[in-house]
Amino acid sequence: MARQLTGALMSDHSHVVEGTNHVIPHHFSSAWHEFDASKFGMWLFLVTEILLFGGLFVAYTIFRGMYPQTFHLAHEELNKTLGAVNTVVLLFSSLTMAVGVGYAQRNERKKSVLMLVVTLLCAITFLVVKYFEYSHKFHLGIFPAGFYKFEGIKDPRAGLFFSLYFMMTGLHGLHVLIGMILITWILMRTRRGDFTENYFTPVELTGLYWHLVDLIWIFLFPLLYLIG
Amino acid sequence: MGDKHQPQHEHEHQHHLTPLTVYVKVFVGLIILTAITVGTSMFDFGIMNIVIALAIAIMKASLVILFFMQLKYDDLGNKVAFAASFGFLLIFILLTGSDLFFRHDPTPVQAQEQKAAGAGAVDQNKLRIATPELVNKGRDIFKVQCATCHGPEGKGNGVAAAALNPKPRDFTSGYWKFGGAPTRVFHTISTGSPGTAMASFAGLAVEDRYALAHYVRSLSPNHPDDTPEDLKAAGLTGEGKGGTAEKVQQEIPVEVAMEKMEEPDVVVIPETQEKNPSHPGAALFRNHCVQCHGLNGTGATTSPVGVNPPVMLMTRSFMAMAKASWATNETEFMKIVSQGTPGRGMPGFSDFTKQEWSALYSYVKGLTGP
């Protein structure tokens, strides 16, 4: 019985997407159904990510509301130029990612690969800038939580701001790193010819993830770097 | 099995292909918005800074979500899922904010700043001159802070006075232990009277203390003015000139306070005066009982009991109590000591061994006689 079943699946090529070796799991009624469900699943995951960062944003709101002067004073230590550079870098990477997905949709493999490479380079740039920001802070003695020992800010609660700063940008940076791993994976699969215009779901979903990373930074930047 | 699950080419469902130029335009829009948000942050628009920043951030986010993430062309299901997440986040923020930003008590930082501002702005040279307003203010504060001991008319016959030794001052007597001039009475209120139940009321605002001083002086037939020596002692320059600002009450850092609290209360007893120092119960009495019951159980230690307002109670001397139930019956003694006296300030001590109980009982019994 099992043999028969396996044999039936292997020979039933209508479950495989044309031009790829992606087999549509048979609990989906069509390729579109699979794409739809996968995308919805990804959006649900993004919802959890929004709530994750949302919690940190609420903590930020509470402490900024309670100690506005502390936040104003402490944020002067952040480098606005680097923050702005990182914002532009991430926005550009979102563009290249979207275009990369667009090329995958149009079965333009080489162009898709190029866009994904550029996205990856932008991500690396972002993390390098963050490296310089963090190391400068550590050099001054600005550390998260109880390790804070910088004397230069005339406010006893400055460490509070930096705890939030490190937690939020740190978690975001971790997401950038994860995104880079995913993009690398997609890059390799695209080069291998796994995707066509009929099947490019992983590229699409990775794109969604990457846009979320950009989205979070869109809020982090003004709230941390541009406290008026 | 086969036919129903044949994947079909569903021509109704097509992936939406956004023209790539649209992506580029969206990118340009995002850069422009970024420039605007950076630009506006360099100017002070007060509360509007954060409003503008968030508005721009939301616009940028919308561009990314609708076009880059293609939610504009997507199924309703995905749109609902996403909107729901922001909906819940909004509830989270609004409900938290509804508590936080509508609290009426100042947050600790604000309270400290208010205090500092108040202390700095005080002019003692003005306050030391009695005015009807100050006297009235002092009368009101007196009712709350002072009447328990000093009595409602300041005659030293307050509710708690019965237990106090020395008795609270009768302001109508005209006698002032530390002087009746305004700065002197202010000083007494601020520092208390060592060796008595009169505590330091430095926690009250400077103006409040002067108000009290003027009120209690108004009760007295003897209310002298500040002499030049008094003024010098108070660090004041004289009428009309700005006075020295009172130092802001130093707060003990929490760490220091906790350290102090952990230290066991050390009671220094001159060994020569202690009765029966070699008695096995002597060490127990010294470690547990002396703080309240005094050297050799002579008592006369006051401690506040209860709150709102606290009442000062004093320990009696054991000397007169040779016939008390606890001095004649060991079980009774153990009962009282282990349970304490609820409402009267004595805590319970129950960690003694059988030998320790016997020793302590025998020692205390010894204190009730010569």
Side-chain angles (χ1 to χ4, degrees), chain A residues 8 12 14-15 17 24 26 28-33 35-36 39-40 43-44 46-51 54-55 57-58 61-62 65-67 69-70 80 84 87-88 91-92 94-95 97-99 102-103 105-106 157 197 200 204 207-208 211-212 214-215 218-219 221-223 225-228, chain B residues 1-2 4-10 12-13 15 17-20 23-24 26-27 30-31 34 37-38 40-46 48-50 52-54 56-58 60-61 64-65 67-71 74-75 77-78 81-82 84-86 88-89 92-93 96-97 100-101 107-109:
Chain A
D12 188 358
S14 51
H15 284 285
V17 176
I24 300 166
H26 71 274
F28 291 117
S29 61
S30 66
W32 178 262
H33 185 193
F35 176 73
D36 215 18
K39 200 165 181 190
F40 184 58
W43 274 106
L44 288 180
L46 296 185
V47 164
T48 70
E49 290 280 87
I50 287 167
L51 291 172
F57 277 109
V58 172
T61 309
I62 292 171
M66 285 172 78
Y67 309 115
Q69 320 91 309
T70 306
K80 289 185 217 234
T87 306
V88 171
L91 289 175
F92 184 67
S94 251
L95 170 67
M97 186 76 221
V99 172
Y103 282 139
Q105 276 181 314
R106 293 160 170 83
R157 279 192 196 76
E197 71 270 26
F200 55 90
E204 171 100 21
L208 286 177
H211 294 308
L212 184 85
D214 182 29
L215 199 58
I218 282 172
F219 284 96
F221 173 56
L223 290 178
Y225 289 81
L226 300 180
I227 299 177
Chain B
M1 177 97 167
K4 271 187 229 168
H5 298 281
Q6 288 274 355
Q8 291 141 15
H9 286 290
E10 298 197 17
E12 324 73 81
H13 283 119
H15 293 290
L17 258 64
T18 310
L20 300 180
Y23 289 149
V24 176
V26 167
F27 172 70
L30 287 168
I31 295 297
T34 306
T37 203
V38 171
T40 51
S41 77
M42 303 204 197
F43 300 96
D44 185 8
F45 295 111
M48 287 307 287
N49 273 101
I50 180 77
I52 294 172
L54 280 178
I56 293 179
I58 290 171
K60 287 167 76 176
V64 170
I65 291 161
F67 294 103
F68 282 169
M69 295 169 99
Q70 299 196 297
L71 203 57
D74 213 335
D75 294 348
N78 295 337
F82 176 74
S85 75
F86 267 91
F88 277 102
L89 197 52
F92 193 179
I93 293 176
T96 309
L100 201 66
F101 299 117
T107 48
V109 172

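Proteins come first, then strands; the chains are lettered A, B, ... in the order of their sequence lines, and each starts at number 1. Because only heavy atoms are used, hydrogens play no part in the values below, and waters and symmetry mates are left out as well, while side chains stay in.
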With a 4.5 angstrom heavy-atom cut-off, which part of [X] approaches chain B: side chain, backbone, both or neither?
{"X": "A:Leu44", "value": "side chain"}
{"X": "A:Phe57", "value": "neither"}
{"X": "A:Thr87", "value": "side chain"}
{"X": "A:Glu204", "value": "side chain"}
{"X": "A:Tyr225", "value": "neither"}
{"X": "A:Leu208", "value": "both"}

What distance separates [X] [atom1] from [Y] [atom2], expressed to the nearest 0.5 Å?
{"X": "A:Leu91", "Y": "B:Ile31", "atom1": "CG", "atom2": "CD1", "result": "5.0 Å"}
{"X": "A:Met66", "Y": "B:Leu100", "atom1": "CE", "atom2": "CG", "result": "6.0 Å"}
{"X": "A:Leu212", "Y": "B:Met69", "atom1": "CG", "atom2": "CE", "result": "5.5 Å"}
{"X": "B:Leu54", "Y": "A:Leu223", "atom1": "CG", "atom2": "CG", "result": "5.5 Å"}

Among [options], who wins on heavy-atom pairs under 4.5 Å with chain B?
{"options": "A:Tyr103, A:Phe92, A:Phe221", "result": "A:Phe92"}
{"options": "A:Ile62, A:Thr61, A:Leu51", "result": "A:Ile62"}
{"options": "A:Thr48, A:Leu46, A:Thr70, A:Asp36", "result": "A:Asp36"}

Validation row: B:Leu17, A:Arg106 side chains within 4.5 angstrom (heavy atoms):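 Yes; the side chains approach each other to less than 4.5 Å.
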[X] and [Y]: which non-hydrogen atoms are nearest, and at how many Å?
{"X": "A:Leu226", "Y": "B:Thr37", "answer": "CD1-O, 3.8 Å"}
{"X": "A:Gly55", "Y": "B:Phe92", "answer": "CA-CE1, 3.8 Å"}
{"X": "B:Ser85", "Y": "A:Ile50", "answer": "OG-CD1, 3.4 Å"}
{"X": "A:Phe40", "Y": "B:Ala81", "answer": "CE1-CB, 4.1 Å"}
{"X": "B:Tyr23", "Y": "A:Leu95", "answer": "O-CD1, 3.4 Å"}

What part of [X] gets within 4.5 angstrom of chain A, counting heavy atoms only: side chain, backbone, both, or neither?
{"X": "B:Ile50", "value": "side chain"}
{"X": "B:Leu30", "value": "both"}
{"X": "B:Phe82", "value": "both"}
{"X": "B:Ile58", "value": "both"}

Whether B:Phe86 and A:Phe219 hold their rings parallel, tilted or perpendicular, with breakpoints at 30° and 60°: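 Because their plane-to-plane angle lies in the 30° to 60° range, the rings of B:Phe86 and A:Phe219 count as tilted.
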Aromatic plane relationship, B:His15 with A:Trp32 - under 30° parallel, 30 to 60° tilted, over 60° perpendicular: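 If you compare the ring of A:Trp32 with that of B:His15, the planes turn out tilted.
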Test side-chain contact (heavy atoms from CB on, under 4.5 Å) applied to B:Ile65 and A:Leu215, step by step: CA-CA 8 Å; B:Ile65 291 161; A:Leu215 199 58; 3.8 Å; yes
B:Asp74 and A:Lys39 ion-paired at < 4.0 Å: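 The answer is yes: the pair qualifies as a salt bridge.
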CA sep, side-chain torsions, deciding dist, call: A:Val47, B:Phe88, side-chain contact (heavy atoms from CB on, under 4.5 Å): CA-CA 10 Å; A:Val47 164; B:Phe88 277 102; over 6 Å; no
Max heavy-atom pair count under 4.5 Å with chain A, selected residue of B:Leu89, B:Asn78, B:Val64: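 Looking at each option in turn, the highest pair count goes to B:Asn78.
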